[in-house]
Protein chains: 2
Amino acid sequence: MAREPRSGSQLPVTPTTLADVAERAGVSRQTVSNAVNNPDLLRPDTLERVRQTIAELGYSPNRAARNLRTRTSSLIGLRFTPAQEGTANAMMDRFVHSLVEASDEAGYHVLLFPADDEDPVGGYDNLLRSTAVDAFVVTDTYLGNPQAAWLSQQRAPFVAFGRPWDDDVARHVWVDVDGAAGTRLATQHLIDRGHTRIAWIGWRKDSPIGEDRRSGWLTTMHANGLSTTGLASRVEDVVHSGAEAAAVLLDESTPTAFVCASDTLAMGVLHTLWIRQLAPGRDIAVVGFDDSQVAQVFPVGLTSVRQPLEDVAVEIVRTLRLLLSHQPVEARGVLLEPTLVIRESS
Amino acid sequence: MAREPRSGSQLPVTPTTLADVAERAGVSRQTVSNAVNNPDLLRPDTLERVRQTIAELGYSPNRAARNLRTRTSSLIGLRFTPAQEGTANAMMDRFVHSLVEASDEAGYHVLLFPADDEDPVGGYDNLLRSTAVDAFVVTDTYLGNPQAAWLSQQRAPFVAFGRPWDDDVARHVWVDVDGAAGTRLATQHLIDRGHTRIAWIGWRKDSPIGEDRRSGWLTTMHANGLSTTGLASRVEDVVHSGAEAAAVLLDESTPTAFVCASDTLAMGVLHTLWIRQLAPGRDIAVVGFDDSQVAQVFPVGLTSVRQPLEDVAVEIVRTLRLLLSHQPVEARGVLLEPTLVIRESS
DNA sequence: GGGTCCCCCTTGATCGATCCAACTGCGCTG
DNA sequence: CAGCGCAGTTGGATCGATCAAGGGGGACCC
């Protein structure tokens with residue numbers, strides 16, 4: 001089993017194995033394994049000697065062998081939906097970045113696999129049965145999505161980013177951001193600035209996330225004794241629709257501020273203001289949702305609700321570790337608070 | 001070795017193995033393996049019988065065991081740089097999506113690992129030595145970046161998205177987009193629309209990518225007999241700088257159009273136009289680079305150069321497969337042509 | 001002196017796939 | 001009828017790690 005050490009820093013044809021280290025350090029394989037995984041079991045001087053040999057030979061445990069024996073992979077699967085080019089998608093990308101960071105700190109890597117429209121659970125099934133990943137992070141848990149239910153049924157460990165809105169079925173663990181709290185922040189911010197006629201432009205009624213965000217605006221308005229009649233609009237999540245809705249609301253209800261369910265819709269409002277020669281922030285205030293790049297780069301900075309995606313990722317990874325180590329999870333769901341990033345538009 | 005088949009569609013505690021399939025189908029393990037990996041070696045009726053058993057038991061080969069034996073992982077490593085929140089980053093995210101799709105079709109998955117600023121090759125080294133990935137895709141090959149050179153030296157298979165600009169050192173395989181061709185398209189488009197005084201706002205001189213894009217503008221102007229004196233500006237890639245540069249150029253050289261090295265800078269130009277009450281597209285034309293979401297969502301759609309990232313990803317995966325199967329790669333580098341997405345701003 | 005711990009380390013078996021060499025029919029040839 | 005080649009199949013070894021037992025030796029106690 002003797003092997004040549006790495007010449008220079010060149011990778012050898014066959015990488016160093018645990019047995020190589022053992023022989024060189026004059027100990028058994030198990031001792032080397034313990035030096036890596038259970039250092040407390042070794043006498044300090046032995047540990048030091050083995051560690052030095054590991055460093056000398058540039059040894060890293062073979063992932064495949066370890067995975068085979070321990071029946072784990074240190075990989076977290078994430079279905080990466082195809083680029084749809086909207087502001088919501090950009091939010092997801094920011095989340096993926098956070099997830100990669102958080103996972104790494106817990107010793108996990110993130111494995112991406114594509115979405116297959118025809119077979120929504122196909123990718124999951126494959127990775128699960130071939131024991132390629134330890135767990136999943138599920139991101140699209142909107143109403144009627146089969147993934148979460150399917151994974152639960154398979155007893156596959158996973159954490160969802162997003163609440164199960166039809167909670168009579170779902171019994172899984174989740175982390176989410178309180179959208180209503182976000183729009184409450186936004187609305188209160190505008191009220192504090194003296195606005196009283198604050199309009200809402202949101203998504204269609206069948207979107208639970210949209211209705212949640214809408215409720216934040218609604219309750220805050222009412223809590224402040226402000227009327228909301230004629231000030232709400234529900235449209236498709238595209239710039240064009242946002243612009244139209246803003247035009248109609250301006251004509252019919254003369255609002256002085258807009259709270260939107262997304263930055264995309266807020267862009268639409270800004271478009272209408274532009275056409276009507278109204279200055280955002282001075283004439284009319286606008287607040288968006290998601291703090292997308294558009295909000296940041298836009299010449300007139302767009303005030304927007306920002307989801308704490310870094311925290312979401314950390315919380316998800318923390319929960320995953322509990323699940324994987326079969327420890328009890330304190331709460332089935334965790335709800336995090338968003339923040340308001342204030343810019344020139346309000 | 002007898003195991004219970006899966007009850008219903010529930011995942012068993014210990015998944016089905018190749019030996020289970022063999023026993024149930026009344027053949028040897030090797031025959032099952034061949035049915036999966038070398039179907040031609042089996043008699044049609046045997047193959048059919050084994051395949052049916054595989055389907056019945058819901059068998060998928062254990063990834064770890066296969067990886068250990070074959071010394072491959074079917075994983076492609078990609079360093080996922082932390083979210084810097086610029087338009088360039090959004091471009092990378094779009095590329096990752098394409099890469100996941102292209103990899104999947106070739107039977108690979110994408111493994112993300114975070115960037116460590118202190119040790120630029122740390123993540124690579126780890127994955128390489130632990131044989132966790134088969135190859136890498138390197139995305140940040142700008143001047144002076146050590147990754148590519150280091151990987152080459154380690155004889156690690158990888159393909160770069162981006163040319164090695166200091167090509168006296170680099171000898172690796174790459175795929176890139178012809179930035180100069182993009183700005184040529186943009187400039188010619190503006191010339192065709194009757195513009196003669198077309199300004200350039202680009203990055204600082206030490207960016208080879210920026211200089212490449214600049215050259216496309218320069219050569220096209222000269223090829224059409226147009227002067228470029230006083231029409232070029234090199235600044236930081238932030239909105240603010242773009243706005244300033246546009247203001248200076250407008251005052252001093254009265255251009256009627258702008259070509260920018262990025263959408264970020266184009267946003268700055270739009271900002272200045274907004275302040276000066278100039279209508280983009282009607283009074284002054286603007287072209288950006290990268291076709292980011294900002295360009296698409298902006299009320300006045302921004303004309304922008306779009307990189308064919310889907311094609312880049314496909315080409316990268318194709319090249320990787322050649323590398324991994326030790327087949328000769330036809331060309332050390334492949335240069336793809338971008339397209340111009342024309343919107344209202346020009 | 002001898003037994004009992006405990007600490008530290010070693011040995012053999014194992015995870016589940018693929019590689020390897022050998023083995024079995026079967027048809028054909030000399 | 002022995003010998004040979006070919007296609008299909010077989011059991012055993014192997015990849016490199018961890019798991020589960022199994023010592024050896026010193027300290028300590030009776």
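A, B, ... follow the sequence lines: proteins, then strands. Residue 1 opens every chain.
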Taking only the side-chain nitrogens and oxygens of A:Asn62, find out if one of them lies under 4.0 Å from OP1 or OP2 of D:dC15. no
I need the CD-P distance between A:Gln30 and C:dT14, as an integer number of Å. 16 Å
Counting only heavy atoms not in B:Arg49, do more than 12 sit closer than 6.0 Å to its CZ atom? yes
Given the rule in the salt bridge (Lys or Arg N to Asp or Glu O under 4.0 Å) test, do A:Arg79 and A:Asp140 qualify, once you have shown the distances and angles that lead to the verdict? CA-CA 9 Å; A:Arg79 200 175 91 148; A:Asp140 37 11; 3.3 Å; yes
Touch class at under 4.0 angstrom, heavy-atom based, for A:Thr70 against every strand present: sugar-phosphate
Considering just the side-chain nitrogens and oxygens of B:Ser33, establish if one lies under 4.0 Å of OP1 or OP2 belonging to C:dT18. yes
Any side-chain N or O of A:Thr17 less than 4.0 Å from the OP1 or OP2 oxygen of D:dG16? no
Looking only at side-chain N and O atoms, does A:Thr31 come under 4.0 Å of OP1 or OP2 in C:dC9? no
Between the base of C:dT18 and the side chain of B:Arg29, is one N or O donor paired with an acceptor at under 3.5 angstrom? yes
For this output row, return yes or no: ring centroids of A:Phe80 and A:Phe113 closer than 6.0 angstrom. no
Between B:Ala64 and A:Val27, which has a closest nucleotide on DNA chain C that is more 5'? A:Val27
Should A:Asn37 be listed as having a side-chain N or O under 4.0 Å from OP1 or OP2 of D:dT18? yes
Whether the side chain of A:Arg66 and the base of D:dT18 hold a donor-acceptor pair under 3.5 Å is what I'd like checked. no
From C-beta outward on A:Arg69, which listed nucleotide comes closest to its side chain: C:dT10, C:dA17, C:dT14? C:dT14
Between the side chains of B:Asp134 and B:Thr72, is a donor N or O closer than 3.5 angstrom to an acceptor N or O? no
